Protein chains: 2
Amino acid sequence: MSELKGGAAAPVRPYIDRDSDQPVYVQLADILRQQISAGAFRPGEQLPSEAMLVRTYQVSPMTVRRAINLLTDQNVVTTVQGRGTFVKAVQLGAAAFDLSDLQAMFSDDAVVKLVEARFVAADERTARKLQIEVGEYAIYIRRLLLIHNEPAFYHRGYLIYDPTRPIVESELEVTVLKGLFDGTGSPLIKRGELSMEAALLTEEEAAILQVSLPAAGWLLEHRFFDFDDKPVSWGWFVCHGDRFRLHTKIGLE
Amino acid sequence: MSELKGGAAAPVRPYIDRDSDQPVYVQLADILRQQISAGAFRPGEQLPSEAMLVRTYQVSPMTVRRAINLLTDQNVVTTVQGRGTFVKAVQLGAAAFDLSDLQAMFSDDAVVKLVEARFVAADERTARKLQIEVGEYAIYIRRLLLIHNEPAFYHRGYLIYDPTRPIVESELEVTVLKGLFDGTGSPLIKRGELSMEAALLTEEEAAILQVSLPAAGWLLEHRFFDFDDKPVSWGWFVCHGDRFRLHTKIGLE
DNA sequence: AAGTGGTCTAGACCACTAT
DNA sequence: TAGTGGTCTAGACCACTTT
């Protein structure tokens, strides 16, 4: 009867199913999101008040609150105290690219080949980044990450050399690179700074990645700190531009 | 007495200030985060149970819940029903780069110069992307974004031509580009797909951006959909690799 | 004054995990 | 069985905005 379009049933029904395995607040958020998506509330427009939603859907104020909070977290609506809840317009600046695609590549058929590992005396920049003295020793490592036997990532980095902390040995292993992505890595690391750049590959980088020049690539610079807030490593992942893209979506659906 | 290190006072006190303007749940989350950051709970270790926190800090279960939820949202802890709450290890794969840096550039001293706008017959790829027929007309626009009078972004794109919807005129304006970033843009757009690539600039791109070849740059491809889920535009922002970097942090602090 | 979102309570009940 | 997180209630009180 109410099937306006003769297709599949609507994925979200406009009422709360008390026996569902989905929490009520998730159901309510889904209902509202679906209504916004269908155009019932346009960007800039006001949603029904929380009190109204409480009456409409017969749930407690706290549950409505949680549903609305979900939508604010998802960048779908904004709330203004004393005024109401409003639908947000799509915002390019809110787009976020995460490294899960990269993570997927690592969990694949990945093999790390250690190209070089040696002690080096820190130059001015390295010393500053690792917060050590110029001329102090650090460990310089170069590694190549092969995926399906093809060179995919070239990693160079400096590691703090501290005989009292056995972080160095483990850092050389494959597992650490993987662990960095999936969170099974060293519990000694407290935080990290990352920055990403698009740049021309150097001759060395192109040679080791087996691409011909000129070529563009990603440079992912990273620095990690321990729980004393002291740097433990600084380096770059380099990857040919053709080898991956970052993807994301904004808005609804 | 309890000043172990004779420095500044600790920024977060290990108790709840009922008169603070910060909500209790935020204060509690801060306390726990600070304790984790200080090494009181290491990655993998278990936090005190919620019941324990209720007793310790004299707050209601719901308030503890909100504090813990904050920390899970911030990727600091994970909860496992029936087992407990555990500190997360730093996870590279969870790193997310957002375009707020880019947004900042747009809100600066930005001027859009319309380079070209004309009707084109859609080729196979354009037709597919805009979900129109091959040979149907679309609008092709090229724009240059100047920041402090320097060419910064080169934007090319195809727009749906639909006389019934006056989206075209407004799309040509500066405000739309800005609005896309800050969310004041068209309320007609429901969602978008974005993808980012590192690539060599073409001769045309390099010329218009006034850089010499070879050069590497960012390609930000975007496609936007209206509330009928029909594509309204498809295009790319191109930018010289030196002109910006993406930054982010993972872990605590 | 009336209406809005924001916080917080003090419990109840449930689902899951360990022992 | 005891302990854990997860949901939900039915209100109270507050801060803010609009009329």
Side-chain angles (χ1 to χ4, degrees), chain A residues 12 15-33 35-36 41 43-88, chain B residues 12-13 15-33 35-36 41 43-88 183:
Chain A
V12 178
Y15 57 80
I16 303 295
D17 177 5
R18 239 55 213 213
D19 297 326
S20 168
D21 30 349
Q22 273 201 321
V24 174
Y25 74 92
V26 173
Q27 290 184 54
L28 181 51
D30 286 344
I31 290 171
L32 295 171
R33 198 186 304 100
Q35 288 178 342
I36 293 166
F41 308 105
E45 289 180 10
Q46 186 168 9
L47 249 54
S49 76
E50 300 189 358
M52 187 64 197
L53 293 171
V54 164
R55 288 193 295 274
T56 304
Y57 294 97
Q58 298 287 300
V59 294
S60 83
M62 199 59 173
T63 302
V64 169
R65 210 90 252 301
R66 293 192 68 179
I68 303 283
N69 282 342
L70 253 190
L71 296 179
T72 53
D73 289 349
Q74 293 165 355
N75 257 296
V76 176
V77 302
T78 40
T79 56
V80 186
Q81 192 174 105
R83 298 221 304 126
T85 303
F86 302 87
V87 179
K88 262 197 177 175
Chain B
V12 178
R13 298 303 185 78
Y15 57 80
I16 302 295
D17 177 5
R18 237 58 212 212
D19 297 326
S20 168
D21 30 349
Q22 273 202 320
V24 174
Y25 73 93
V26 173
Q27 291 183 54
L28 181 51
D30 285 344
I31 290 171
L32 294 172
R33 199 186 306 99
Q35 289 178 342
I36 293 166
F41 307 105
E45 288 181 8
Q46 186 169 7
L47 249 54
S49 76
E50 300 189 359
M52 187 66 198
L53 293 172
V54 165
R55 288 193 295 275
T56 305
Y57 294 97
Q58 297 289 300
V59 294
S60 83
M62 198 60 173
T63 302
V64 169
R65 210 89 252 300
R66 294 192 68 179
I68 302 283
N69 282 342
L70 253 191
L71 297 179
T72 53
D73 289 349
Q74 293 164 356
N75 257 295
V76 176
V77 302
T78 40
T79 56
V80 185
Q81 192 174 100
R83 298 220 304 126
T85 303
F86 303 87
V87 179
K88 261 198 177 174

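Residue numbers start from 1 in every chain, and the chains themselves are labelled A, B, ... in the order their sequence lines are given, proteins ahead of strands. For clarity, every value in this text was computed on a predicted model and none was experimentally measured.
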Take atom CE of Met62(B) and atom P of dA10(D), then tell me their distance rounded to the nearest Å.
13 Å
Per atom distances to the Val59(A) side chain, the nearest of dA10(D), dT9(D), dG5(C) is dT9(D)
From CD of Gln22(A) across to P of dC8(D) the rounded distance in Å is 10 Å
Would you check, one step at a time, whether the test side-chain contact (heavy atoms from CB on, under 4.5 Å) holds for Leu32(A) with Val77(A)?
CA-CA 10 Å; Leu32(A) 295 171; Val77(A) 302; over 6 Å; no
Picking from dT9(D), dC8(C), dG5(D), the nucleotide nearest the side-chain atoms of Ser49(B) would be dG5(D)
Return the nearest nucleotide to the side chain of Arg18(A); candidates are dT9(D), dA10(C), dG5(D).
dT9(D)
Checking contacts here: which listed nucleotide (dT7(D), dC8(C), dG11(C)) is nearest the side-chain heavy atoms of Tyr25(A)?
dT7(D)
Whole angstroms only, please: what is the CG-P distance between Asp21(A) and dC14(C)?
16 Å
Pairs where residues 47-59 of chain B contributes a residue and the test side-chain hydrogen bond (donor to acceptor under 3.5 Å, both in side chains) is met, not counting sequence neighbours
Glu50(B)-Arg65(B)
Kindly indicate whether the side chain of Asp30(B), heavy atoms from C-beta on, has any atom under 4.5 Å from the side chain of Arg33(B).
yes
Rounding to a whole Å, what distance do you find between Asp19(A):CG and dC8(D):P?
12 Å
I need the CD-P distance between Glu50(A) and dC16(D), as an integer number of Å.
17 Å
Mind running a 4.0 Å heavy-atom check of residues 75-87 of chain B against DNA chain C and sending the residues that fall below it, in number order?
Gln81(B), Gly82(B), Arg83(B)
In whole angstrom, give the distance that lies between atom CG of Asn69(A) and atom P of dG5(C).
12 Å
Mind calculating the distance between CZ (Arg66(A)) and C1' (dC8(C)) to the nearest angstrom?
15 Å
